[in-house]
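We use all heavy atoms of the structure for the numbers below, so side chains are in, but hydrogens, waters and symmetry mates are not. Letters A, B, ... are given to chains in the order of the sequence lines, protein chains preceding strands, and every chain is numbered from 1.
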Number of protein chains: 2
Amino acid sequence: MTRTGTGTRRGATRQRLYEAAITLIAEQGFSSTTVEQIAERAGVAKGTVYYNFGSKTELFEELLRHGARPFTAELARAARAEFARGGSAAAALDAMARAGLAFVAAQPDLTRLFVAELWRPNRTWHSALAELRGHAAGVVEEVLERGVADGEFDASVDVGLAAGALLGTVVAGALDWQTFHPGRPIDEVHAALCPLLRGRLAGGGGP
Amino acid sequence: MTRTGTGTRRGATRQRLYEAAITLIAEQGFSSTTVEQIAERAGVAKGTVYYNFGSKTELFEELLRHGARPFTAELARAARAEFARGGSAAAALDAMARAGLAFVAAQPDLTRLFVAELWRPNRTWHSALAELRGHAAGVVEEVLERGVADGEFDASVDVGLAAGALLGTVVAGALDWQTFHPGRPIDEVHAALCPLLRGRLAGGGGP
DNA sequence: GTCTATATATAGATAGAC
DNA sequence: GTCTATCTATATATAGAC
């Protein structure tokens, strides 16, 4: 128990700092958010932040990693569960979309902060973000490849581009929902998104 | 010629400041970007910025309006042109997607800065951004409604949610392209996106 | 491990010369 | 209309007490 897990004392303080930072940075952006604000919201002094993290930037980078891992894990879990019950690759995409929507609904601030930085090169944490995006995209790619191999999807599908687009569709759709259509139930949003993922927007189409 | 158009002397200075601010804010974010940096890149002194704009925030808000108007205009123009040549609503969506991709490819920095702020409430310029998003979404909604009226799209489509999702798909897809698959030609990206807009991802589906 | 100072730098904004 | 000089506030980060 010497590692910095959530069980240790140090882990608890770090967890509170993560949660405080997520909310503040999501609302104000990284640079507008001061270390003092983060410390105050977490109920500790500023010096404690610098004891636990080397700098403001380092806190943010570790926060990104800490928050992104569960997202990718949820997507993978959803796909695995769908395949386990004998579902198709298209059904797996639906399940992943639902899992993605649920994650964003549960952690809208974390997602906002992520998206605000994801497509910006030239920032110190961009390589870390690119890697995290790559993991999530990789999960989607596997499902697409399986669908192509099973003859379920067209072989001409560009897996790399499509995975990024699908991921973008779910995340952007989820944030648009949370920001401009709050209160709408997840089922309605999922229903609006599925045609985009499965090909049923055009009436009469679809498998 | 007393208005602040691009033809006037004042308009020229403001235009240079816009362009400088777009690049810098896209890379660094609003708060990390200093007025001094913007002035330097535009080739003027800091005082000149404050003569032309009341504050840093005001410069940014006017920049958002200034940059978003052409985007919505391009989407509307693409849809109009497609309908004018007798195209379907689905074809209009394709044309809008292409117009959107082309706009983002031409102005990636502007789009980055836009997306980074779009889904954040609690910022002073959020109402301005929401309004601009509403205009663009409105253009998409009109096309969807026309498609439903013509029996081309399913009547159960939730126009409001779908418009936001479609817009998000194009913008997110375009930024993902610019950031993680640069060099790919626009045709390939458009081809990867169209199945999501028209319903052809699933093999054998589609109208 | 956490807190209370404090050092140092740099931001936004303004006043007044030209 | 643009520039230079400057005021004032506030940020990051550190040192040392507890």
What is the separation between atom [atom1] on [X] and atom [atom2] on [N], rounded to the nearest whole Å?
| X | N | atom1 | atom2 | value |
| --- | --- | --- | --- | --- |
| A/F53 | D/dT14 | CZ | P | 16 Å |
| A/E58 | D/dA13 | CD | P | 10 Å |
| B/K56 | C/dG12 | NZ | C1' | 8 Å |

- [ ] List in numerical order all residues of residues 35-52 of chain A for which some heavy atom is under 4.0 Å away from an atom belonging to DNA chain D.
- [x]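 Listed by number, they are A/V35, A/K46, A/Y50.
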Task: Interface residues of residues 17-30 of chain A with DNA chain D (non-hydrogen, below 4.0 angstrom) - done: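 Those residues: none at all.
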Open item on the list: What's B/T33 touching, base or sugar-phosphate or nothing? Going by heavy atoms closer than 4.0 Å.
Closed with: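 Contact class for B/T33: sugar-phosphate only.
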Task: Lys/Arg N to Asp/Glu carboxylate O, B/E62 vs B/R65, below 4.0 Å - done: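 Judged by the 4.0 Å cut-off on N to carboxylate O distance, B/E62 and B/R65 do not form a salt bridge.
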Results of salt bridge (charged side-chain N to carboxylate O under 4.0 Å, His left out) for [X] - residues two or more places apart only:
| X | answer |
| --- | --- |
| A/R41 | none |
| A/R133 | B/D176 |
| B/E131 | none |

Task: Any B/R98 side-chain heavy atom under 4.5 Å of B/D187 side chain - done: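 Yes, side chains in contact.
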- [ ] By nearest nucleotide on DNA chain D, pick out whichever of A/G54 and A/T34 is the more 5' one.
- [x]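 The residue closer to the strand's 5' end, by nearest nucleotide, is A/T34.
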- [ ] Hey, could you give me each pair passing ring pair (Phe, Tyr, Trp, His ring centres under 6.0 Å) that has a residue in residues 92-123 of chain A? Not counting sequence neighbours.
- [x]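 As it turns out, the ring pair (Phe, Tyr, Trp, His ring centres under 6.0 Å) pairs with a partner in residues 92-123 of chain A, which skip direct neighbours, are A/F71-A/F103.
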Open item on the list: Determine whether B/S31 and A/S31 satisfy the following criterion, side-chain hydrogen bond (donor to acceptor under 3.5 Å, both in side chains), listing intermediate values before the conclusion.
Closed with: CA-CA 5 Å; B/S31 302; A/S31 302; 5.5 Å; no
TODO: Look up atom CG in B/L110 and atom CG in B/L63, then write down how far apart they are to the nearest 0.5 Å.
DONE: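 The CG atom of B/L110 sits 6.5 Å away from the CG atom of B/L63.
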Open item on the list: Check the phosphate of D/dG1 against B/T13, side-chain N and O only, distance under 4.0 Å to OP1 or OP2. Yes or no?
Closed with: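 No.
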